[in-house]
There are 2 protein chains.
Amino acid sequence: MSRSQTQRRKRIVQTAAALAVRGGVDAMQMRSVAERAGVALGTLYRYFPSKMDLVVAVVTEELDLLEGGIVRRPPTADTAAGRAVDVLLRATLGLMREPELADALVRSLITAEVRIELDTRICDLVWRVATDDLTNLPVGEEVSDAPVDRDSTGYVLIGSLISVWIFELVEVLKGHRDVDEVERRLHITAERLLASF
Amino acid sequence: MSRSQTQRRKRIVQTAAALAVRGGVDAMQMRSVAERAGVALGTLYRYFPSKMDLVVAVVTEELDLLEGGIVRRPPTADTAAGRAVDVLLRATLGLMREPELADALVRSLITAEVRIELDTRICDLVWRVATDDLTNLPVGEEVSDAPVDRDSTGYVLIGSLISVWIFELVEVLKGHRDVDEVERRLHITAERLLASF
DNA sequence: CGGCTTTGTAGAATTCGTTCTATATTCGTC
DNA sequence: GACGAATATAGAACGAATTCTACAAAGCCG
């Protein structure tokens, strides 16, 4: 991909993110994005074959920031459950600063076909936090050096915890739950799920 | 609501369900539903202000059937975890018979504002199964006689298990997971979550 | 009965994702 | 430096949810 293409792509994603921050996914209309990014609608669709792809791209950037924050200040609790909850809670608070984007994240995690790029990434992050293996986590790069056994019982349990977290996130976004309650529930759940870590 | 209105409503939901079974939510177009149910588009929108409301109505009926099946043949495993997994697995298999509707169910659980009508109902059902309290479960009626403490630790844990189940369902629907794998994962998770039951 | 509100009908209009068409531009290659 | 393929552009067109408008039918109530 050429320089100008990378530029264009970045410009599109940034424009989309800006629109999504106010107004959410609905405000992020393909026409507006194309217009404000200074590309033709057809071009936008060349880069992102569907709106969902664009949403995923936006959300992936958001996730980069989150990951960066975690790596900068790793959680210090002395149990795996404590550290995992810490990470998830920080993620929750971070996402709540842009509820519209958070909504997009959640929705894309569930709807999009792109599970390998988001779901797995979150799982791997929490896995590393839980197992206290945060030393070799690159910042902007692929996170794929340590051989994580994604079928192990432990990884399944982390996956379950992530599922629970995402649902709590959904409830918060719907306004049915506050963050304190989420913390309580994540604690209760994580203590059981990660007791053997 | 008058007799003819109840009739109309039922006719709409049945038509919608029929369309959804083949072709899924996409095939369940508001115009088609209105046309085949013999009502005007405006009328359809009077009964169901958005497509999502219609989907939820369809899915709620589906849930009735599921609940009925569970009550007819309650699970017999001798641990709470075993019984819970049994129910969820049966639900999974049942839903897999109409993948398009299952998809609608999952999506509505997450997207729709109607959490109280579906999520809670599933939780209550599993709660009763887990605590072996299936005697007083009416069939087509409200399930609200026994005072379930929805803030108790136990209920939170059931909720977490449901979250995990829904995610597994999503994965199955995406074709990323088979039912055996779901069973394995639910077992692993439920054993931890419900150990203290 | 006669009027009034509610409910229903028919169908046009709007919105937004997505696709299509026709034309222009860019870029690697000879 | 010119040719051809890939890429961009402008904008029309399409499909489906949703909304709007104008009118008809059904109920209710005095």
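What you see is a predicted model, and the numbers here were worked out from it, not measured in a lab.
How far CD of A:Glu183 is from OG1 of A:Thr92: 9.5 Å, rounded to the nearest 0.5 Å. To the nearest 0.5 angstrom, B:Arg36 atom CZ is 9.5 Å from B:Gln29 atom CD. Between the CG atom in B:Leu54 and the CE atom in B:Met28 there is a gap of 3.5 Å [rounded to 0.5 Å].
When all heavy atoms of A:Val148 and A:Asp124 are compared, the pair lying nearest together is CG1-OD1, 4.3 Å. What you find for A:Leu19 and A:Ala27 is that their closest heavy atoms are O-CB, 3.8 Å.
Note that the first and last nucleotides of DNA chain D, 5' to 3', having any atom under 4.0 angstrom from a heavy atom of chain B are D:dA16 to D:dT19. The footprint of chain A on DNA chain C, defined by a heavy-atom cutoff below 4.0 Å, extends from C:dC16 to C:dT19.
A salt bridge between B:Asp178 and B:Arg184 is absent, with no side-chain N of the basic residue lying under 4.0 Å from a carboxylate O of the acidic one.
Note on A:Arg8: only backbone sugar-phosphate atoms sit closer than 4.0 angstrom, heavy atoms only; bases stay farther off. The residue A:Ser50 sits close only to the backbone: its heavy atoms come under 4.0 Å of sugar-phosphate atoms, none of a base. Backbone-only contact: A:Tyr47 has heavy atoms under 4.0 Å from sugar-phosphate atoms and none from a base.
Using a 4.5 Å heavy-atom threshold, the side chains of A:Leu105 and A:Ile166 count as separate.
Nearest-nucleotide mapping onto DNA chain D: of A:Arg31 and A:Thr43, the residue sitting toward the 5' end is A:Thr43. The residue among A:Leu44 and A:Leu41 whose nearest nucleotide of DNA chain D lies closer to the 5′ end is A:Leu44.
A perpendicular orientation is assigned to the rings of B:Phe197 and B:Trp127, their planes being inclined by more than 60° (bins at 30° and 60°).
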